[in-house]
There are 2 protein chains.
Amino acid sequence: MTIRKEVAPEAVKEKERAFQKFIQTRGLKTTKQRNTIVSVFFGLKGHVSVEELLREVKAVNPRIGYATVYRTLHLLVESSLVEERRFGDGLARYEGHSEVEHHDHMICQNCGQISEFYNPQLEALQEKLAAEHDFTIHRHRLELYGTCADPESCNNRKREQEGI
Amino acid sequence: MTIRKEVAPEAVKEKERAFQKFIQTRGLKTTKQRNTIVSVFFGLKGHVSVEELLREVKAVNPRIGYATVYRTLHLLVESSLVEERRFGDGLARYEGHSEVEHHDHMICQNCGQISEFYNPQLEALQEKLAAEHDFTIHRHRLELYGTCADPESCNNRKREQEGI
DNA sequence: ATTAGTGCAAAAGGTTTGCAGACCA
DNA sequence: TGGTCTGCAAACCTTTTGCACTAAT
């Protein structure tokens, strides 16, 4: 069932308010479904797939369907409250901005764990390289694929995943 | 029509031979279709989408269809002669190994140009960061999205693209 | 002769869209 | 009330697959 509500309620409330603001600015309407989806989304941690989100949303209101979840996610992305990511499994994942504004990802190909990291040197080096190629960076994406160095905890996570 | 045959014929021949070898090692069969697809593919430069490849292949033999192109591309990937990449537009692109073994990409969001670069410092830094996170890198992917610094040539390319 | 490969069309999997009815401003 | 939003199902797009037929070993 993988319910992972580990996010502080105040943080969720703040995101909800920000989304509300966006909705108003755009002249859109507040609806129960959007509220549900947004609050469930921000209550989840990490890199949420549409399927995961829908499952959790349906736990609150089973009548909400794919279409509304997709549509609301697009709004969240447009509002810049959420980023869409694709890690090569052909499936979009959505990530509410975390404490750290920008970050990169390490993806374990054994247990599936996704960790985030940020390194200023790395960013600086990229800027330098871009400049050398007469290029202006708007955004970038760095993903390291590999395996956790500690096989034990990694395999534990893997088993846990498979046991879902 | 974007026919971009700029690859030296000897280089293409070499790739064809390498693929032939792979086919034999695997106990697979040589076919006209595979030969056509492989030789057309390696004659194209850059990051080729399936659609582009199919178009060029059909120019040689119109009876070859999607399925065979996809199947042959999978073989090429398995043979390590080709890498599959996805740049977030939901479309797979295939890249024959160029001179430089590993490299990263800069993608211009205006003209669509994809340039490649490689920097050892960047690679080293990634290893260092991975080590700090108890992580072993198998492969990585770095993509810089932005715009060409020279607007003129960039816009020229853009117009060219749209004129297809 | 055997076994693998091809071409077609149908299926799959993720995502988007058209439309009638429901709901918010 | 009027226009937006929802839910459903159908459409879409890229990729894969089943199957009868063709071709390579």
Side-chain angles (χ1 to χ4, degrees), chain A residues 16 19-41 47-55 57-79 82-95, chain B residues 16 19-41 47-55 57-79 82-95:
Chain A
E16 287 177 12
F19 183 67
Q20 210 54 253
K21 203 170 186 174
F22 171 79
I23 286 288
Q24 286 169 1
T25 311
R26 282 280 192 101
L28 304 174
K29 290 178 179 173
T30 308
T31 68
K32 280 176 197 153
Q33 291 90 330
R34 278 178 184 165
N35 287 343
T36 302
I37 294 166
V38 169
S39 104
V40 167
F41 176 82
H47 306 80
V48 183
S49 70
V50 174
E51 198 194 340
E52 284 175 329
L53 179 56
L54 183 69
R55 195 199 308 136
V57 162
K58 274 192 181 296
V60 178
N61 177 356
R63 305 221 40 225
I64 295 177
Y66 269 102
T68 306
V69 169
Y70 274 107
R71 288 190 272 231
T72 306
L73 279 170
H74 290 331
L75 288 176
L76 283 166
V77 169
E78 281 182 56
S79 75
V82 165
E83 270 186 59
E84 182 180 307
R85 301 193 177 277
R86 288 168 189 274
F87 295 115
D89 55 357
L91 215 131
R93 289 171 185 282
Y94 294 86
E95 180 179 23
Chain B
E16 287 177 12
F19 183 67
Q20 210 55 253
K21 204 170 188 174
F22 171 80
I23 287 288
Q24 285 170 1
T25 312
R26 282 280 191 102
L28 303 174
K29 291 176 179 171
T30 307
T31 69
K32 280 176 198 152
Q33 291 91 332
R34 278 178 185 164
N35 287 343
T36 302
I37 294 166
V38 169
S39 105
V40 168
F41 175 82
H47 306 80
V48 184
S49 69
V50 175
E51 198 195 340
E52 283 175 330
L53 179 55
L54 183 68
R55 195 198 311 138
V57 163
K58 276 194 181 294
V60 178
N61 176 356
R63 304 222 40 222
I64 296 178
Y66 269 103
T68 305
V69 169
Y70 274 107
R71 289 190 273 231
T72 306
L73 278 171
H74 291 331
L75 288 176
L76 283 166
V77 170
E78 280 181 56
S79 74
V82 165
E83 272 186 58
E84 182 180 307
R85 302 196 177 274
R86 287 167 187 277
F87 295 115
D89 56 358
L91 216 133
R93 289 173 184 283
Y94 296 85
E95 179 179 25

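Chain naming here is simple, since letters A, B, ... match the order of the sequence lines and numbering starts at 1 in each. Computation of the quantities below employed the complete heavy-atom set of this structure, encompassing side-chain atoms and omitting hydrogens, waters and symmetry-equivalent molecules.
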Notebook entry, point to check: Reckon Arg71(A) touches a base, only the sugar-phosphate, or nothing at all at heavy-atom distances under 4.0 Å?
Noted result: base
I need the [atom1]-[atom2] distance between [X] and [N], as an integer number of Å.
X        : N       : atom1 : atom2 : result
Gln24(B) : dA24(D) : CD    : C1'   : 13 Å
Arg26(B) : dA24(D) : CZ    : C1'   : 18 Å
Arg93(B) : dT14(D) : CZ    : C1'   : 13 Å
Glu78(B) : dT16(D) : CD    : C1'   : 14 Å
Tyr66(A) : dA9(D)  : OH    : P     : 14 Å
Asn61(A) : dT6(D)  : CG    : C1'   : 11 Å
Ile37(A) : dC5(D)  : CD1   : P     : 13 Å

Notebook entry, point to check: Considering heavy-atom distances to DNA chain D, does Val50(B) or Lys32(B) have its closest nucleotide positioned more toward the 5' end?
Noted result: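 Whichever sits nearer the 5' end wins; that is Val50(B).
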Next item on the list: For Lys58(A) and for Lys29(B), find the nucleotide of DNA chain D with the closest heavy atom, then tell me which residue's nucleotide is more 5'.
Entry: Lys58(A)
Notebook entry, point to check: Relative to the 5' end of DNA chain C, which residue comes earlier, Ile23(B) or Leu28(A), by the nucleotide with the nearest heavy atom?
Noted result: Ile23(B)
Checklist line | Identified side-chain contact (heavy atoms from CB on, under 4.5 Å) partner of Val38(B) from the options Leu73(B), Leu75(B), Thr72(B), Ile23(B) | finding: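 With Val38(B) as partner, side-chain contact (heavy atoms from CB on, under 4.5 Å) holds for just one option, Thr72(B).
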So, OP1 or OP2 of [N]: does either fall under 4.0 Å of a side-chain N or O from [X]?
X        : N       : result
His74(B) : dT15(D) : no
Tyr70(B) : dT16(D) : no
Thr31(A) : dT4(D)  : no

pair [X]-[Y]: side-chain heavy atoms closer than 4.5 Å:
X        : Y        : result
Tyr94(B) : Val50(B) : yes
Asn35(A) : Gln20(A) : yes
Arg86(B) : Arg86(A) : no

Next item on the list: At the 4.0 Å heavy-atom cut-off to chain A, mark where contacts on DNA chain C begin and end, going 5' to 3'.
Entry: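 The contacted stretch runs from dG14(C) to dA25(C).
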Next item on the list: Would you name the heavy atoms of Leu54(B) and Ile64(B) that are closest together and state the gap between them?
Entry: CD1-O, 3.9 Å
Next item on the list: For the residue pair His74(A) and Tyr70(A), categorise the inter-ring angle as parallel (less than 30°), tilted (30 to 60°) or perpendicular (more than 60°).
Entry: tilted
Check: Does Glu51(A) CD have over 12 foreign heavy atoms under 6.0 Å away?
Finding: no
